[in-house]
Each structure stands twice: as C-alpha cells, then as structure tokens.
Amino acid sequence: MRFAPAPTGYLHLGSARTALFNYLAARSVGGAFLLRVEDTDLERSRPELVDVVYAALEWLGLDWDEAPIRQSARVEAHQEAVEDLLARGLAYWSDPVPEGDRERTGGRAYDPADRDRGLGPGAGRAVRFRVDPDATGATSVGWDDEIRGRIDFELANLEDFVLRRADGSPTFFVANAVDDAHMRVTDVIRGEDLINVTPKYLLLRSALGVASADLRFAHLPLIVNEQRKKLSKRRDDVSLLDYRDRGYLSEAMVNYLALLGWGPPDGEEVRFDPLGEFPAMFRIADVGESPAGFDVRKLRHVNAEHIRHLGVAHFAERARPYFAATPWADRYRDETFALVAGEVQTRVETLAEVPGYVDFLFLADPEVDEASWDAAFAGDAPTWLAAVAEGLAEWPWTSAELYERTMALAEELGASRKRFQAPLRVAVTGRRVGPPLFESMEVLGREETLRRVAAALDRAAETEAPGP
RNA sequence: GCCCCCAUCGUCCAGCGGCCUAGGACGCCUCCCUUUCAAGGAGGUAACACGGGUUCGAAUCCCGUUGGGGGUGCCA
C-alpha cells in the first residue's frame with residue numbers, strides 16, 4: 001500500500017484520511033505502508049513543501065516503511081517508458097490545438113489525426129498515449145473495486161492522454177504506472193476523485209507489460225463540506241496542521257478521520273489509542289461508498305473526550321504551548337495552572353481554549369466582559385458584593401470555607417445562589433463563565449481577590465451615580 | 001454536453017432478504033445534579049428519495065426516474 005501525496009505546502013485533510021486508511025489497511029494485513037512524493041511538477045519539488053508532508057504524517061503518528069520515494073528522482077525511468085511506448089507505436093507526438101480551432105477535433109485539445117502523422121519532437125509538441133482498442137484487443141477497461149464493486153469504462157470514451165509535456169517532463173500518469181510497478185504496489189487506496197484516471201493507469205500498465213491481475217483498488221468516498229462539495233482549499237479549513245494549531249490532539253484527529261467512511265464494528269467510536277486498536281478491526285472492504293460530511297462539531301466532541309481522558313499532568317503539559325501564543329505568555333506559570341488544570345480539563349473542547357479560561361489568574365487585572373458585567377451587576381448585586389467583601393476580609397481562605405460562607409450569606413440576604421455568586425465571579429474573573437469560583441479565589445489569594453472586589457465595587461458605584 | 005460514482009435521522013456510522021414498530025454516535029430539546037459553565041445521569045426529537053419489478057417476504061436484490069457529487073488539464 002502506498003500513500004502518494006503531491007506536495008502543496010500543506011497536507012489536505014482528505015489526503016490525511018487517505019494516508020490513514022492506507023496505513024490501517026497495511027497494518028491490518030501486515031503489509032508495508034510506503035510513501036511516494038508526487039513531485040513530477042517542477043513547482044512541487046521544493047524541499048520545504050515536501051517536509052510539510054513528513055511533518056504532518058509524523059504528527060498523526062503514521063510511520064511509514066522504507067525510505068520515501070521522490071518521483072522527481074525517477075524521471076529517467078519515466079522517460080525510458082515514454083521512449084519505449086513511442087518506439088512501439090503505442091504513443092505518438094501531438095500538437096496542441098488552439099482554443100479557436102477545436103471544432104475540427106470535436107472540441108478536443110489535441111488532434112487524433114496526429115496519431116498517424118509520424119511526427120517527431122518539436123516545439124510545443126507533447127507525447128500522447130494512443131488509446132486504441134486494437135492495442136489491447138478489448139473495447140473496455142475495468143476493475144473490481146474493493147469498495148465499489150465492478151467499474152468499467154468504454155475505451156471509446158477515453159482521450160489520448162499526455163505522457164510527456166512539451167517541456168519534456170513526464171506526467172503523473174507515467175510516473176504512477178512506472179513507480180507503482182517499481183515499488184511493487186499491491187493495493188491502490190485513494191480518493192474517489194481518481195476513479196476516472198484508473199482506466200488510463202490500467203491501459204498504461206498493460207502497454208508497459210506490467211500485469212494488473214493481482215492489483216487491488218479501493219476508491220475512498222470523498223470528504224465533503226456542509227454544502228456537500230469536496231473540501232476545497234478556498235472554502236474550507238483543509239490543512240491538517242492547522243487543526244493542531246487550533247488545539248486538536250493528534251489522536252483525536254486520527255480517531256475522527258477514521259470515522260469518515262468507516263467505523264469500528266463494535267460501534268464504539270471514541271478510541272483513545274486509535275492507531276493501536278483500529279488495525280485489528282479494519283477491513284478496507286467495510287469502508288462506505290457514499291461521501292462523508294466533515295462535521296467539526298463532532299470532531300470537537302471527539303477531541304473533548306480525548307482531552308478529558310488525559311491525566312491532569314499530561315493535559316497541562318499538552319496545553320502549555322497554547323499559552324505561549326497569548327499576549328501574556330511571559331506571566332504564565334506552570335505551578336499556578338496546575339492548581340486549576342483539573343477543573344479546566346472538563347470544560348474545554350480544544351487546547352486552544354485553555355488560556356482563555358484561566359487568563360484572570362495571570363493578568364494583573366481581569367479583562368472585563370461587558371455583557372457579563374451588565375448581567376451580573378443588575379439589581380441588588382452591588383449590595384451583595386459589598387456584603388461578601390466584608391466576609392472575605394476575615395473568612396478562612398480555603399475554597400470550602402469560602403463556598404460555605406458565601407452561600408450562607410446568600411441565604412441570609414434572600415438571594416438565589418446563582419445570582420448571588422455572579423457579581424463576585426465577574427469581579428474576580430471578569431466573566432460569568434469559568435472554572436469553579438472559590439477554587440479560583442483560593443489560588444488568587446485573599447489580597448488580590450479583595451483588591452479586585454474593591455475595584456469592581458468602585459466601578460459599580462460609578463455606573464450607578466455617573467459623573468460628579 | 002460526455003464519462004463515472006453515490007443515495008438510511010440535519011451530520012457520521014449500523015443494517016448486507018425475515019431478528020426493523022430501523023440501532024448507536026454528534027447536534028438539538030427536557031429533566032436531575034449543581035458555586036457560573038462544563039462534565040455526569042435520565043428521557044425525548046429525527047431517516048430507509050420516488051416509481052416499477054423479483055420474492056411468501058425488501059431499507060436490504062434488479063431496472064428506471066429524480067437528486068447530489070466527482071471527472072472531463074501539457075495539475076495530481
């Protein structure tokens with residue numbers, strides 16, 4: 001099995017899923033998972049673009065067997081194949097047909113008449129494969145797809161495709177056929193969008209004398225967006241590594257990607273060690289044939305499950321890089337975060353959300369969310385907060401004590417617990433949503449808490465009696 | 001236009017001729033728990049595109065229609 005991405009500067013989500021399924025298929029039968037970089041296009045062979053592919057695969061944990069093959073390093077073999085086909089009359093030199101002159105070729109960009117013109121190399125001239133029923137003795141090509149069953153194409157519907165561009169470079173058709181034979185690929189697992197190049201690939205192999213009888217094909221369903229269209233760079237978030245930056249765990253990503261077109265037979269979707277568990281239960285034939293919609297909400301859920309499954313220390317460790325991206329990164333302290341990490345863990349769905357939950361512990365002053373303020377400080381709230389402030393000055397400073405005493409005070413003043421804690425929460429954290437309040441206060445300390453409460457009280461007074 | 005693929009809850013996955021009054025998951029809704037928000041617990045909402053066959057019997061097989069998607073590059 002091989003994964004053959006074209007280096008584009010990022011690893012597409014769909015490619016990542018294809019890589020994963022190749023990996024699972026290989027590991028499930030003890031086969032090899034090979035990597036081949038499809039950089040036949042000069043543009044695509046820049047080393048930094050290739051490194052991105054490796055980095056993405058490594059992040060997912062998809063380790064490949066043997067050294068990766070760069071197609072750009074194998075052009076000689078590709079050229080030889082083209083020469084061979086040319087020599088045997090299975091390929092021919094073809095001139096491009098200009099846009100305005102396509103009426104005579106039935107709208108085609110090439111002229112089939114070139115087949116028998118016996119042209120040689122020339123400026124702007126490419127080499128095309130001669131799709132000729134006589135060459136194979138058959139009028140159609142097809143294969144038994146592992147996922148979809150029989151698929152056939154009439155040769156009459158196939159065009160004479162380009163083998164060598166006018167600039168002399170071989171196309172991916174040749175590179176694919178030649179390299180797959182060279183690498184002894186037994187299973188071709190790729191996206192559904194490649195179904196229609198398969199007949200050309202098959203034709204080429206047989207022209208080159210490579211048997212395809214034992215070759216298995218599996219065409220995976222496409223991953224589509226909400227509009228049911230193939231995920232595209234323009235419209236959708238398709239870069240795998242961007243998900244890492246957005247706070248997704250690689251194991252959650254692998255877990256979710258595997259759920260697109262497939263599912264564990266036992267129905268247990270969330271697996272904390274997908275790469276370890278899935279191979280034993282994966283069968284390529286079980287993969288579905290209809291397009292899979294990418295659902296970020298479900299991805300978030302799977303990610304949240306994986307986050308919660310982490311040990312607190314690991315969670316804190318894996319969240320650390322996300323603090324580095326904040327404006328207050330220099331104020332961050334592992335020791336402080338460790339005190340509330342457990343509480344944050346059950347509340348976030350991605351690691352990127354973590355800093356936003358605890359920023360008030362590190363900021364000199366909490367950033368006040370106006371909507372929260374307005375909601376919390378309505379009615380008797382300022383009076384309540386003032387009452388709490390008095391208690392805060394003398395109560396024992398443990399979360400349990402603070403909780404008990406504050407709630408007792410709420411009852412005394414005839415306020416609901418929920419509404420009573422709101423102004424205190426906003427005063428201390430700046431928001432009405434966050435980790436448990438009294439635990440947070442314990443971490444912050446009496447002095448700082450009192451300072452913030454006093455500041456909030458001042459602000460409330462100003463708001464009520466504006467201006468001197 | 002031509003070629004190819006697909007068609008079960010809004011979404012993902014089960015179902016592969018009778019076990020289906022169609023199951024699980026995400027989402028959504030309700031309730032419980034509760035110091036906010038989560039997490040957790042208990043319920044609920046919601047689908048076999050349509051029409052013909054085949055069969056004692058069809059979500060499951062066949063054909064058609066409709067719908068959606070992919071391809072149609074001297075990109076891969």
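Labels below follow one simple rule: chain letters A, B, ... track the order of the sequence lines, proteins then strands, and each chain is numbered from 1. These values consider heavy atoms only, across backbone and side chains, with no hydrogens, waters or symmetry-generated copies.
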* Asked: Counting any heavy atom closer than 4.0 Å, what does A422(A) reach on the DNA or RNA strands: base, sugar-phosphate only, or nothing?
  -> nothing
* Minimum-distance pair of heavy atoms, taken over all atoms of E251(A) and R318(A) -> OE2-NH1, 2.8 Å
* Please determine if a side-chain N or O atom of R308(A) lies less than 4.0 Å away from the OP1 or OP2 oxygen of G40(B). => yes
* Structure fact -> note: R36(A), atom CZ; A76(B), atom P; distance rounded to Å ~ 12 Å
* Asked: In whole Å, what separates the P atom of C19(B) from that of G27(B)?
  -> 31 Å
* Asked: In terms of side-chain heavy atoms, does R425(A) have a donor or acceptor partner in T429(A) at a distance below 3.5 Å?
  -> no
* Asked: What does A7(B) pair with, Watson-Crick or G-U, if both distances are under 3.5 Å?
  -> U66(B)
* Structure fact -> Taking every heavy atom of L450(A) against every heavy atom of A389(A), the minimum-distance pair comes out as CD2-O, 3.8 Å
* Using a heavy-atom cut-off of under 4.0 Å over every strand shown, decide if R297(A) touches base, sugar-phosphate, or nothing. => sugar-phosphate
* Asked: If the C1' atom of A58(B) is compared with that of G53(B), how far apart are they to the nearest Å?
  -> 12 Å
* Asked: With rounding to whole Å, what would you report as the distance between A59(B) and U8(B) at their C1' atoms?
  -> 7 Å
* **Whole-Å P distance, C4(B) and G51(B)** => 27 Å
* Classify the nucleic acid contact of V270(A) as base, sugar-phosphate or nothing, counting any heavy atom under 4.0 Å across all strands shown. => nothing
* Does NZ or CZ of R246(A) fall inside the cone over Y243(A)'s six-membered ring, less than 6.0 Å from its centre and within 45° of the axis? -> yes
* Asked: Quick one: L202(A) CG to C4(B) C1', roughly how many Å, whole number?
  -> 15 Å
* **Sugar-phosphate only, base, or nothing, as touched by E269(A) at under 4.0 Å among non-hydrogen atoms** => base
* Sort out the partner of U55(B) for me: Watson-Crick or G-U wobble, both distances under 3.5 Å, none otherwise. => none
* Structure fact -> E146(A) CD to C16(B) C1', in whole Å, measures 17 Å
* Within 45° cone and under 6.0 Å: R205(A) NZ/CZ vs F217(A) ring -> no
* Looking at every strand, decide which applies to P435(A) at a 4.0 Å heavy-atom threshold: base, sugar-phosphate, or nothing. => base
* Asked: When we call it a touch if two heavy atoms are under 4.0 Å apart, what does I195(A) touch: a base, just sugar-phosphate, or nothing?
  -> sugar-phosphate
* To do: Look at all strands and tell whether G107(A) reaches a base, only sugar-phosphate, or nothing, counting heavy atoms closer than 4.0 Å.
  => nothing
* Map G267(A) and E349(A) onto RNA chain B by nearest heavy atom, then report which one ends up closer to the 5' terminus. => G267(A)
* For E226(A), which contact category applies under a 4.0 Å heavy-atom criterion: base, sugar-phosphate, or nothing? -> nothing
* Asked: Going by distance alone, is a donor N or O of one side chain under 3.5 Å from an acceptor N or O of the other, for T398(A) and E401(A)?
  -> no
* Which is true for P96(A) with a 4.0 Å heavy-atom rule: it touches a base, it touches only sugar-phosphate, or it touches nothing? -> base
* Asked: Say you pick atom P in G41(B) and the same atom in A46(B); how far apart are they, in whole Å?
  -> 24 Å
* Structure fact -> Between W143(A) and H219(A) the two heavy atoms that sit nearest each other are CZ2-CE1, 3.7 Å
* To do: Check every strand shown and say whether R417(A) touches a base, only sugar-phosphate, or nothing at a heavy-atom separation below 4.0 Å.
  => sugar-phosphate
* Separation of the C1' atoms in U60(B) and C20(B), to the nearest angstrom -> 11 Å
* Report the base-pairing partner of G23(B) (Watson-Crick or G-U wobble, both distances below 3.5 angstrom), or none. => C13(B)
* Report the distance from atom CG of L437(A) to atom C1' of A38(B), rounded to the nearest whole Å. => 15 Å
* Counting side-chain heavy atoms from CB outward, which of U11(B), U8(B), A39(B) is closest to S290(A)? -> U8(B)
* Residue K298(A), side-chain atoms from C-beta onward, closest of A76(B), C74(B), C26(B) -> C26(B)
* To do: Measure the distance from CD1 on I151(A) to C1' on C4(B) and round it to the nearest whole Å.
  => 8 Å
* Below 4.0 angstrom from OP1 or OP2 of C74(B), is there any side-chain N or O of R128(A)? -> yes
* With rounding to whole Å, what would you report as the distance between A42(B) and C5(B) at their C1' atoms? -> 43 Å
* Asked: Which part of the nucleic acid does G293(A) contact within heavy-atom distance under 4.0 Å: base, sugar-phosphate only, or nothing?
  -> sugar-phosphate
* Distance test, side-chain N/O of R165(A) to OP1/OP2 of A76(B), below 4.0 Å -> yes
* To do: Classify the nucleic acid contact of D286(A) as base, sugar-phosphate or nothing, counting any heavy atom under 4.0 Å across all strands shown.
  => sugar-phosphate
* Asked: When you compare C12(B) with C6(B), how far apart are their C1' atoms, in angstrom units rounded to a whole number?
  -> 16 Å
* Quick one: is C37(B) close enough that its OP1 or OP2 comes under 4.0 Å of any side-chain N or O from K418(A)? -> yes
* Structure fact -> Any strand, both distances under 3.5 Å, Watson-Crick or G-U wobble: A42(B) pairs with U30(B)
* Structure fact -> Nearest heavy-atom approach of A109(A) to R102(A) is CA-NE, 3.5 Å
* Asked: Given that R164(A) and W262(A) both sit by RNA chain B, which one's nearest nucleotide is further toward the 5' end?
  -> W262(A)
* Structure fact -> Quick tally for nucleotides 58-70 of chain B: nucleotides whose base has a protein heavy atom under 4.0 Å get B, sugar-phosphate-only ones S, the rest -, giving -----------SB
* Select base, sugar-phosphate, or nothing to describe what F153(A) touches, counting heavy atoms under 4.0 Å on all strands. => sugar-phosphate
* C48(B) pairs with, by Watson-Crick or G-U criteria that keep both distances under 3.5 Å -> none
* Y357(A) OH - A39(B) C1' separation (whole Å) -> 11 Å
* With sugar-phosphate meaning primed atoms plus P, OP1 and OP2, does R148(A) contact a base, only sugar-phosphate, or nothing at under 4.0 Å between heavy atoms? -> sugar-phosphate
